[in-house]
Protein chains: 2
Amino acid sequence: MADRHTDVTASARFDAENCSLKDILERVGDKWSILVVAALAREPYRFRALQRAIEGISQRMLTLTLQRLERDGLITRTVLDLRPPRVEYALTATGRSLTIPLRSLADWAEEHRGAISASRARWDAKQPPPGSSAS
Amino acid sequence: MADRHTDVTASARFDAENCSLKDILERVGDKWSILVVAALAREPYRFRALQRAIEGISQRMLTLTLQRLERDGLITRTVLDLRPPRVEYALTATGRSLTIPLRSLADWAEEHRGAISASRARWDAKQPPPGSSAS
DNA sequence: CGGTATCCGGGACGATACTG
DNA sequence: CAGTATCGTCCCGGATACCG
């Protein structure tokens, strides 16, 4: 036994952490935040460069995401007053520490991506496509 | 050196994984999915029990979340045809494997929650509260 | 360049009612 | 109990325009 269901979690902490987990997910749990942290994990970026590095992010969302991350103390914002203005973003120590669990998540994603796609394909095949037996 | 900024990520994979990471985040990246997996990591649950275990989730969202997770092959849905009907949800092997990175994320959250709150408080204190100098 | 302010459309989500 | 279907709302986030 012991393989039955649950030992991998090995603790009630998951339970107790629900609130804090839920809580944290609302801060760093969104796609853009994670992608920004992932980008900054490679190297500091300037605003524009960051926007170019993260495909699909709008200026607005980048601004908002960066502000939230700065507020949470995960990144620093450094203004170099040159001409033209230059603003550099970089991870703080806390931000850097986040990249560790983030990487394990990324690794998991990479490892199981195929299985998930396959499962989806199987599931979809079984679903009654709308209009299958309609007149 | 090596302490400069980035070695904690140690690879370009973060970059290469951006798509897959982004991709996976859209499946398991939402709050409810994670909380459901966390709950099922403890033990299998029936629908109602699950709803009670996850505070704040609506019936609709629970249904949708469970369906997506089943589609992705992360959980199993077992119908016991008793009276009244009984449906049990449990993690698959893949689902169980997800609890590992999930726990490292939860641990991170737990460890840095205080720092984040503090940082927020500091940041908020510096912001011009709306109406600060208004009549 | 590095933002802020505003508008607005679509989708996520909750509430409710109904079914087997 | 374990869902499905429908409706209405809210707010997320893109597009756009403008400022320092």
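Numbered from 1 within each chain, the chains take letters A, B, ... in sequence-line order. This is a predicted model, so every value here is computed, not measured.
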By side-chain hydrogen bond (donor to acceptor under 3.5 Å, both in side chains), B:Ser33 pairs with (sequence neighbours left out) B:Asp30
Taking side-chain hydrogen bond (donor to acceptor under 3.5 Å, both in side chains) as the definition, give me every residue that meets it alongside B:Arg120, ordered by chain and number, with sequence neighbours left out.
A:Asp72
Output every pair passing ring pair (Phe, Tyr, Trp, His ring centres under 6.0 Å) with a member in residues 21-79 of chain B, not counting sequence neighbours, ordered by first then second residue.
none
Would you mind listing every ring pair (Phe, Tyr, Trp, His ring centres under 6.0 Å) that reaches into residues 48-83 of chain A, with sequence neighbours excluded?
none
Closest approach of [X] to [Y] (non-hydrogen atoms, all atoms of both residues):
X: A:Val37; Y: A:Leu91; value: O-CD1, 4.0 Å
X: A:Ser119; Y: B:Gly73; value: OG-N, 3.0 Å
X: B:Pro101; Y: B:Ser104; value: O-OG, 2.9 Å

Across all chains, not counting sequence neighbours, the side-chain contact (heavy atoms from CB on, under 4.5 Å) partners of A:Thr94 are A:Leu74, A:Thr92, A:Ser97, B:Trp108, B:His112
Under the rule for side-chain contact (heavy atoms from CB on, under 4.5 Å), what residues qualify as partners of B:Gln67, not counting sequence neighbours?
B:Thr63, B:Leu64
For the residue pair A:Leu66 and A:Leu50, establish whether any side-chain heavy-atom pair is separated by less than 4.5 Å.
yes
Which residue pairs pass the side-chain hydrogen bond (donor to acceptor under 3.5 Å, both in side chains) test when at least one of the two sits in residues 73-86 of chain A, sequence neighbours left out?
A:Arg77-A:Tyr89
Kindly state each residue pair satisfying salt bridge (Lys or Arg N to Asp or Glu O under 4.0 Å) with at least one member in residues 52-71 of chain B, sequence neighbours excluded.
A:Asp124-B:Arg71
Base-contact (B) and sugar-phosphate-only (S) positions in nucleotides 14-20 of chain C, heavy-atom cut-off under 4.0 Å, - elsewhere
BB----B
Does anyone know the first and last nucleotide of DNA chain D in reach of chain A, 5' to 3', at under 4.0 angstrom to a heavy atom?
D:dG13 to D:dG20
What is the distance, rounded to the nearest whole Å, between atom OH of A:Tyr89 and atom P of C:dG2?
8 Å
C:dC1 P sits how many Å from A:Arg86 CZ, rounded?
11 Å
What does the inter-axis angle of the helix from C:dC1-D:dG20 to C:dG20-D:dC1 come out as, five pairs per end, nearest 10 degrees?
40°
Starting at the 5' end of DNA chain C and moving along, which residue's nearest nucleotide shows up first, A:Arg52 or B:Asp30?
A:Arg52
If we ignore hydrogens and angles and just use 3.5 Å, is the side chain of A:Thr99 paired with the main-chain N or O of A:Leu102 as donor and acceptor?
no
Which part of the nucleic acid, if any, lies within contact of B:Arg46, taking any heavy atom under 4.0 Å across all strands shown: a base, the sugar-phosphate backbone alone, or nothing?
sugar-phosphate
When you measure from every atom of DNA chain D, which of residues 63-78 of chain B have a heavy atom less than 4.0 Å away?
B:Thr63, B:Gln67, B:Arg77
